[in-house]
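This report refers to the structure that appears directly beneath it.
Below, chains carry the letters A, B, ... as their sequence lines are ordered, and counting in each starts from 1.
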Amino acid sequence: MKSEPDEVSIDHLAARPGQTVGWFGVRNYQARNFMRDAMQIGDLVLFYHSSCAEPGIAGLAEVCSAPYPDPTQFDPASPYHDPKSPADAPRWVQVDVRFVQKSRLITLTELRQYPELAAMRLLQRGNRLSITPVEPTEWAFIVDLMERAA
DNA sequence: GCCAACGTTGGC
DNA sequence: GCCAACGTTGGC
């Protein structure tokens with residue numbers, strides 16, 4: 001899951017251990033579908049810092065709710081307001097996540113150096129999805145990287 | 001700030 | 001249903 005650290009960084013989550021954070025504001029159908037259809041409570045999440053000086057994976061979070069309607073879609077004052085979303089059939093959902101651990105920053109540059117990750121969805125050309133699935137082999141490789149020096 | 005990539009919108 | 005125009009993402 002990508003987040004702009006100016007908005008929500010791994011440190012923000014770490015400052016409130018045990019507290020859940022709603023992952024609101026997803027407004028892309030593919031990303032929504034991953035949340036709605038593929039995520040399970042208890043799933044771990046790679047927390048990625050995007051649109052910043054040093055983009056990369058900064059830690060782990062955990063999915064801790066089922067998908068439920070994102071309230072910001074109905075809030076006219078929100079930048080995520082979607083006037084076309086029907087109240088009786090909300091278009092956008094979110095899940096709650098909570099902090100698991102901070103890791104060393106595994107930068108995008110580093111991630112691109114590993115042939116083992118060449119097929120990773122996050123790294124594909126033109127990928128803009130804020131939520132992408134991670135293959136088990138990629139997951140194992142990255143968790144291992146977290147414990148090694150850069 | 002630039003720009004490639006891609007999604008969405010809306011006229012036809 | 002096609003596709004041009006436009007908007008957004010996000011690395012650089």
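The distance from atom CZ of Arg112(A) to atom P of dC12(C) is 6 Å, rounded to the nearest whole Å. As a whole-Å value, the separation of Asp6(A) CG from dG11(C) P is 13 Å. Look at CD1 on Ile57(A): it is 12 Å from P on dG11(C), rounded to the nearest Å. Rounding to whole angstrom units, OH of residue Tyr80(A) and C1' of dT9(C) are separated by 12 Å. For Gln30(A) and dT9(C), the CD to C1' distance is 14 Å, given to the nearest whole Å. We find that CG of Asn28(A) is positioned 10 Å from P of dT9(C), with the value rounded to whole Å. If you take CG of Leu129(A) and P of dC6(B), they are 10 Å apart, rounded to a whole angstrom. Rounding to whole angstrom units, NZ of residue Lys84(A) and C1' of dG7(B) are separated by 13 Å.
Nearest to the side-chain atoms of Ser51(A) among the listed nucleotides dG10(C), dT8(C), dT8(B) stands dG10(C). Taking the side chain of Tyr29(A) as heavy atoms from C-beta on, and the options dG11(C), dG7(B), dT8(B), the nearest nucleotide is dT8(B).
You'll find the side chain of Ile142(A) reaches within 4.5 Å of the side chain of Met120(A), heavy atoms only. Residues Arg128(A) and Asn28(A) form no side-chain contact, since every pair of their non-hydrogen atoms from C-beta on lies 4.5 Å or further apart.
Checked against a 6.0 Å centroid threshold, the rings of Trp92(A) and Tyr68(A) do not count as neighbours.
In this structure, Asp70(A) contributes its side chain and Gly25(A) its backbone to a donor-acceptor pair below 3.5 Å.
When heavy atoms are screened at a 4.0 angstrom cut-off, Glu4(A) is found touching no nucleic acid atom at all.
Using a 4.0 Å cut-off, some side-chain N or O of Tyr48(A) falls inside it from OP1 or OP2 of dG11(C). The phosphate of dT9(C) (OP1 or OP2) has no side-chain N or O of Lys2(A) nearer than 4.0 angstrom.
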